[in-house]
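Just below is one structure, and these are the notes that go with it.
Each chain gets a letter, A, B and so on, in the order the sequences are listed, and its residues count up from 1. Note that the structure is predicted; figures quoted are calculated from it, not measured.
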There are 2 protein chains.
Amino acid sequence: MSASKKTKAATISAEDAPKQYKTYAHNFKEGLGIYIEHPERNPEGRVVEYDDDFVVINDKFPKASVHLLLLPRNPSIAKQHPLSYLSTEPTFLASVRARAEQVANLAAAELRRQYGSHSASDAPYQSALEDMMSAPSTVQPEQQNLTELPPGRDWRSEIQIGVHTHPSMSHMHVHIISREANSPWLKHKKHYLSFHTRFWVGLDEFPLVDEGRRRVEEVREWPGWDLVCWKCGRGFGNRFKEFKGHLEEEFEGWKRE
Amino acid sequence: MSASKKTKAATISAEDAPKQYKTYAHNFKEGLGIYIEHPERNPEGRVVEYDDDFVVINDKFPKASVHLLLLPRNPSIAKQHPLSYLSTEPTFLASVRARAEQVANLAAAELRRQYGSHSASDAPYQSALEDMMSAPSTVQPEQQNLTELPPGRDWRSEIQIGVHTHPSMSHMHVHIISREANSPWLKHKKHYLSFHTRFWVGLDEFPLVDEGRRRVEEVREWPGWDLVCWKCGRGFGNRFKEFKGHLEEEFEGWKRE
DNA sequence: TATTCCGATAGTGAC
DNA sequence: GTCACTATCGGAATGAG
């Protein structure tokens, strides 16, 4: 039996193994697998945090100032379609919600780090933080009660959590991304549409009443949808370059809010 | 009256002249007008020959090794659509035929000048010509009887005469062009299709039975037609770059024929 | 809807 | 079907003993 297995394995190795190897490591669709299998290797330094259930990474091609991916590690879950699985597994949905909300707060803090000094509405927080940091204190920073700081800007409201109707990467991934769309990696129409149209499914939309229908109804024409500014609602048709320039202008105002 | 005219002229100058100037010299569609109005100026040195009825020029963007345009000078003729006028004015058609045939012989001679030394079938002519030129003679070359030379390659058969179903330039022009399509100015699909499909109307097809119908029936889908090699009949769909490479290969064989 | 490269397609402006 | 420029759209490959 052992010998039989071995023989069969040898046969597989000669015929199927190269194919399997290809579909695994060399197929781009499988590119997220390495993170859930070996987060401790911290591939390319993009692992933010991980535990037995989830891995959080920085997206390799971020489409906004902050763009994180939340990856469930359970292999049988990771291969499911997000619209289906999040609509039918309430326990899993609850665990994703809880974890994604934590990650969203992390993302909000990162937005503050990047743009706090430019923000008018964050000035009270920034001033208080500076005062606190410069004031003599015997208490360690991490022990100080940060809730005593004024709220400042609501950065969390700039973060959106959700999934794509038709993901390209085969491992389930939940996007935690800021909405201002400021990134050199935002290079074409689909990049923007995938986060700012019904192609995007917010985590708070789950469970979907008819996920199968949504997957079908969105798929045909969505690359033809107009570019519409998330900030001012202005439409740009298919004129991506012009739209990109507009986004950059909006970004300058947005970070100063 | 003279004063009145002057006043009107002044008015035109202030209001309409810029517009007229625009539609004349600065509208690309009118670009051939200068040649039929002032061939003696020989704009850009491209006038080959002219008389009261016709001007022959070298195309500014030749789509083959030899590409001449025959332009009728009569303004009321020059503004007619070629399919219509050549189908309804037999006298004009006859005069164009006679003149175009002369120009085609000129074009054939130019092909011989360019490629005669590479051509196998032209070798008898080339040898005889060289012998004649090197032989002592008191007779001037232009007085020698060239008909005594062997025929060599039939370069005239490589020349085609015709018009486009939908010309872009507003002045009537008859193309006299070699068919091998060897030119750096042949840059996209329509360039080739316009000389090697039914978009091209050979002068020998006139008068058309129903020229109006042809103008309508060809117009819609013709840019979608497949690229087909004039030499070998191979189809290349829309793959222009690949087709262009093929044309260059065919050209190498063609000139050696 | 992963990126990247290449090429085909489409719109515009031309004084 | 004028050219030249820009940008958009579209398919194909994508690894590596």
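- Between the CZ atom of B/Phe243 and the P atom of C/dC6 there is a distance of 23 Å, rounded to whole Å.
- One can place NE2 of A/His191 at 14 Å from C1' of D/dT8, the figure rounded to the nearest angstrom.
- Taking 4.0 angstrom as the limit, A/Lys241 places a side-chain polar atom (N or O) nearer than this to OP1 or OP2 of D/dA7.
- The side chain of B/Trp185 sits closest to D/dA4 out of D/dT14, D/dC9, D/dA4.
- Secondary-structure stems of DNA chain D, taken as three or more successive Watson-Crick or G-U wobble pairs (i with j, i+1 with j-1) under a 3.5 Å distance threshold, comprise C:2-14 with D:2-14.
- Put simply, CG on B/Asn27 is 13 Å from P on D/dT2, counting in whole angstrom units.
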- With side chain to side chain donor-acceptor pair (under 3.5 Å) as the test, would you mind laying out the steps for B/Arg41 and B/Tyr35 before giving the verdict? CA-CA 8 Å; B/Arg41 293 183 189 169; B/Tyr35 297 104; over 6 Å; no

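- Remark: B/Asn238 is not in phosphate contact with C/dG7, judged by side-chain N or O atoms under 4.0 Å from OP1 or OP2.
- Taking the six-membered ring for Trp and thresholds of 30 and 60 degrees, A/Phe195 and A/His175 have ring planes more than 60 degrees apart, a perpendicular arrangement.
- Whole-Å rounding puts the A/Glu30 CD to D/dT14 P distance at 17 Å.
- Distance check on atom C1': D/dG17 versus C/dT3 gives 26 Å, rounded to whole Å.
- Contacts of B/Lys63 with the nucleic acid, taken as non-hydrogen atoms under 4.0 Å apart, involve only primed sugar atoms and P, OP1 or OP2.
- The side-chain heavy atoms of B/Ile77 and B/Tyr85, taken from C-beta on, include a pair separated by under 4.5 Å.
- Between the side chains of B/Glu40 and B/His38, at least one donor N or O lies within less than 3.5 Å of an accepting N or O.
- Atom-to-atom, CG of A/Leu32 to C1' of C/dT3 comes out at 13 Å; the value is rounded to the nearest Å.
- Atom NE2 of A/His246 and atom P of D/dA7 are 18 Å apart (whole Å).
- Residue B/His188 places no side-chain N or O under 4.0 Å from the OP1 or OP2 atom of C/dA10.
- For B/Lys187, no side-chain nitrogen or oxygen approaches OP1 or OP2 of D/dT2 to under 4.0 Å.
- As rounded to whole Å, 14 Å separates atom P of D/dG11 from atom CZ of B/Arg239.
- The OH-C1' distance, from B/Tyr192 to C/dA8, rounds to 18 Å in whole Å.
- The structure places CZ of B/Phe54 at 4.0 Å from OG of B/Ser95, a figure rounded to the nearest 0.5 Å.
- Among pairs with a residue in residues 200-210 of chain B, those fulfilling side-chain hydrogen bond (donor to acceptor under 3.5 Å, both in side chains) read B/Glu205-B/Arg214, at least two apart in sequence or across chains.
- Of the two residues contacting DNA chain D, namely A/Phe240 and B/Met169, the nearest-nucleotide position lying further toward the 5' end is that of B/Met169.
- In this structure the side chain of B/Thr165 reaches within 4.5 angstrom of the side chain of B/Leu83, judged on heavy atoms.
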